[in-house]
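This report concerns only the one structure given below.
Numbers for residues simply follow the sequence, beginning at 1.
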Amino acid sequence: METGSRHKSKYKYLDGKPFKEKFTNLLVPNATDSKFVDTNGFFTAMPWKAKGGGQLAIMKVDDYKKFHINDPMLKGHLAPISAFEFNPFVDTFLATASEDGTSMLWNIPIEGLTEDLKEPNATLYGHSKKITHLTFNPTASNVMLTASFDKDIRIWDVSTAKEALHIPDVIGQPTSIEWNYDGSLVAAANKNKSLYILDPRDPSGETHVDKAHNGPKQLKVCWLGSSNKLLTTGTNKQMFKELGVWDTRDLSSPLKIKKDDKILEVVEPFFDDDKNLVFTATKGERRVNMWELADDDEVIHKISSWTGEGCHRGFNLFPKRFVDVYSSEFVRAVRLTEDSCEYVSFGLPSKQGAFVSSLYGQCSSGNNTCDIADWKEGKSAAPDLVDINPDLLSSLQLRTSDGVIVSTNDEEEEKDEVADLAPTESTEDNKANYLRKITKLENRLREVEEAPKEDSEEVKKLRQDNEDLQDKIDELESRISDMDDSHKQREEELQKIIQEKEDEIQRLLQNQTQATYQANDTYQSNEVPQTTDSYQAQDHHQELQDHHQELQDHHQEQQDHHQELQDHHQEQQDYNAEGDNYAGQPAQETYNEQPYDAPVPSDPKDDSDDNEFD
């Protein structure tokens, strides 16, 4: 609950709970102006970082997996994908937009992607710069809006892949754009922090306010359900987050500006019409804040927050009809982090398995209430609403581009049938219905219990093969470990030998350098008249080079002598191994008692008997 607020909310214990399973090992590109992740309850689309063009990973909503770089992807755009969204009325229909100014329409296979999807159903041309936003009308079928850095808004008829309306240079360069509740108006924010309200069918009647927020961060907008209000998020000059509530009939001043904590990145707002709840997620943070609208002077109250693992890179909500009413789930969200995608359930603590009807109202059925022809003529229709209850969850069906309704699989039907057995009002019809479903479940259970007997031998063989493979894996791991130890030991020995050789070479180089310095000193100590003939100087230089060669020869003789001593030492060891009595000292002692005093060539210019190079 918000500090210092007297607002009493029945949702003060609202909290988030992430699903146990999630999508992992994602290569997530840098965030854009869009929400950057989307789901329609049947499929989830996630951006994928790749060179040479934009890609999307599209998965069936519960096909959790660890991604690999060669997994099937949606490919087609020549530049990075900047926005994407599922059609609200056709579950296999996806639209994407790119930084190259094109949009593409795709039909997703019912089974999901089993191979790369490279050919779109259609490509839409019109924008001259990066498309930043793409969104479908919530009530009118086949109406899609795109907004671009070219400052234009374009309305498309996706059934014909043609442009239906063009609104040039009204809102400027957009940072956010959203349809209202019935699809009749659009709210947009631009880079100058201005807020616009307009009807795309008649943009001349637009209204706007400059500097809705005074801070440097982008503005985002969100309509507050069927009311005439909308919410903006931004910052003040001190970089504190701000939430503004506005009456769209009078933008002269906000109804309320609520200051929150310091901001790192852009705040994205989301609204749950059923509960009058606002969810805000800030890219680069881990927390989701929850707010409640109220009919009081404060207008909006912060009631709770939830913190997840990893920072937000994208955030969006499931369609409301997909919530689990048996766990008191109010909102289900999809959350994108640096390398994973997870679902988060927001709700109140409750007894699992019990449907509390008083907690739920109505939501959109997912069916359109008008088409693009009616909408272009000025018609606006509220969404088709249905009650949120267990029957709604069990009736969910996948809608394809051909208009065919595909039933859910048997496993999901079984889950729904079990869910339907949760206690409700007791009636004779319910009792008969329960008995029928119990009989069906008992028959199914009997089939499952009998099925393994037919496959028991095959299962036993598979288990044995698995154990054999595991034994081989253990054996290979043991051998690899032994090889690693042996390799490590041999490497240490080689390093020791190399170090000894390097020390010896360094010592010899030092001796040679010292000898060269002494030769130069000897040369410089001889008085050579300044008038010496150049030929005499050349002869003297040659003598020095000859002397240097003698030093190198001497170094080679020392190495040869060292090799002779090693050979002699080896012969002594071999001789002792044969058991013969060898007169004299052991080989090592003989080696130590026979130092080698090799003569060192004298300087050709030095007649002294002292050897200064010893």
Side-chain angles (χ1 to χ4, degrees), residues 29-38 47 79-85 96-99 101 103 127-136 144-155 167-180 185-198 200 203 206-224 230-237 239-246 248 251 254 257 260 263-271 278-285 312-317 336:
N30 294 329
T32 67
D33 296 327
S34 69
K35 298 179 177 67
F36 223 48
V37 66
D38 195 30
I81 293 175
S82 53
F84 51 92
E85 187 172 292
T96 59
S98 172
E99 293 183 6
S103 300
H127 290 289
S128 60
K129 293 184 179 180
K130 172 184 174 181
I131 298 176
T132 55
H133 296 85
L134 178 154
T135 180
F136 284 93
M144 185 181 78
L145 178 151
T146 57
S148 165
F149 275 171
D150 62 10
K151 302 181 181 180
D152 290 353
I153 294 175
R154 295 178 186 269
I155 306 295
I167 304 100
D169 198 11
V170 173
I171 65 171
Q173 292 186 337
T175 58
S176 181
I177 190 162
E178 297 286 340
W179 293 97
N180 71 340
L185 297 174
V186 164
N190 66 16
K191 283 197 168 184
N192 295 326
K193 316 300 183 301
S194 299
L195 173 63
Y196 286 81
I197 308 294
L198 70 150
E206 62 85 12
T207 58
H208 72 277
V209 57
D210 295 329
K211 295 293 182 181
H213 295 272
N214 293 320
K217 291 297 182 179
Q218 292 183 5
L219 259 65
K220 296 291 181 178
V221 298
C222 173
W223 288 90
L224 298 178
L230 60 80
L231 179 88
T232 59
T233 59
T235 59
N236 60 17
K237 292 181 179 180
M239 288 294 289
F240 280 93
K241 299 175 187 174
E242 287 185 340
L243 278 73
V245 181
W246 305 77
T248 58
L251 295 180
I257 293 290
D260 198 10
I263 190 173
L264 293 176
E265 282 295 340
V266 179
V267 181
E268 198 78 53
F270 304 87
F271 183 65
V278 174
F279 295 78
T280 58
T282 304
K283 293 178 181 179
E285 295 185 2
H312 308 314
R313 295 293 293 276
F315 193 88
N316 215 333
L317 303 184
L336 188 68

In Å and rounded to the nearest 0.5 Å, what is the [atom1] to [atom2] distance from [X] to [Y]?
X: Ile81; Y: Leu134; atom1: CD1; atom2: CG; result: 11.0 Å
X: Lys211; Y: Lys193; atom1: NZ; atom2: NZ; result: 5.5 Å
X: Asn316; Y: Glu85; atom1: CG; atom2: CD; result: 8.0 Å
X: Lys241; Y: Glu285; atom1: NZ; atom2: CD; result: 3.5 Å
X: Asn192; Y: Thr175; atom1: CG; atom2: OG1; result: 9.5 Å
X: Ile171; Y: Lys151; atom1: CD1; atom2: NZ; result: 11.0 Å

side-chain hydrogen bond (donor to acceptor under 3.5 Å, both in side chains) involving [X] - partner list, sequence neighbours excluded:
X: Asp210; value: Ser194
X: Asp260; value: Asn289, Lys302
X: Thr96; value: His77, Trp106

Exercise. Who passes ring pair (Phe, Tyr, Trp, His ring centres under 6.0 Å) against Phe279, sequence neighbours left out?
Worked result: Phe346

Exercise. Can you name the residues that form a ring pair (Phe, Tyr, Trp, His ring centres under 6.0 Å) with Trp223, not counting sequence neighbours?
Worked result: none

Exercise. For Glu178, which residues count as a salt bridge (charged side-chain N to carboxylate O under 4.0 Å, His left out) partner, sequence neighbours excluded?
Worked result: Lys35

Problem set entry | Nearest heavy-atom neighbours spanning Ser176 and Leu219 | CB-O, 3.6 Å

Problem set entry | Exercise: identify the closest heavy-atom pair between Val170 and Glu206 | CG1-CG, 4.1 Å

Problem set entry | Check against side chain to side chain contact (heavy atoms under 4.5 Å, CB included), Trp246 and Ile197 | CA-CA 11 Å; Trp246 305 77; Ile197 308 294; over 6 Å; no

Problem set entry | Leu336/Phe36 under side chain to side chain contact (heavy atoms under 4.5 Å, CB included): CA gap, chis, key distance, verdict | CA-CA 8 Å; Leu336 188 68; Phe36 223 48; 4.1 Å; yes

Exercise. Hey, mind stepping through Thr248 and Asn180 against side chain to side chain contact (heavy atoms under 4.5 Å, CB included) and telling me if it holds?
Worked result: CA-CA 11 Å; Thr248 58; Asn180 71 340; over 6 Å; no

Exercise. What residues, two or more places apart in sequence or in another chain, satisfy side chain to side chain contact (heavy atoms under 4.5 Å, CB included) together with Asp150?
Worked result: His127, Ser128, Lys129, Ser148, Asp152

Exercise. Who passes side chain to side chain contact (heavy atoms under 4.5 Å, CB included) against Glu242, sequence neighbours left out?
Worked result: His213, Asn236, Ile257

Exercise. Between Leu243 and Val267, is a side chain to side chain contact (heavy atoms under 4.5 Å, CB included) present by the stated rule, with each step listed?
Worked result: CA-CA 9 Å; Leu243 278 73; Val267 181; 5.6 Å; no

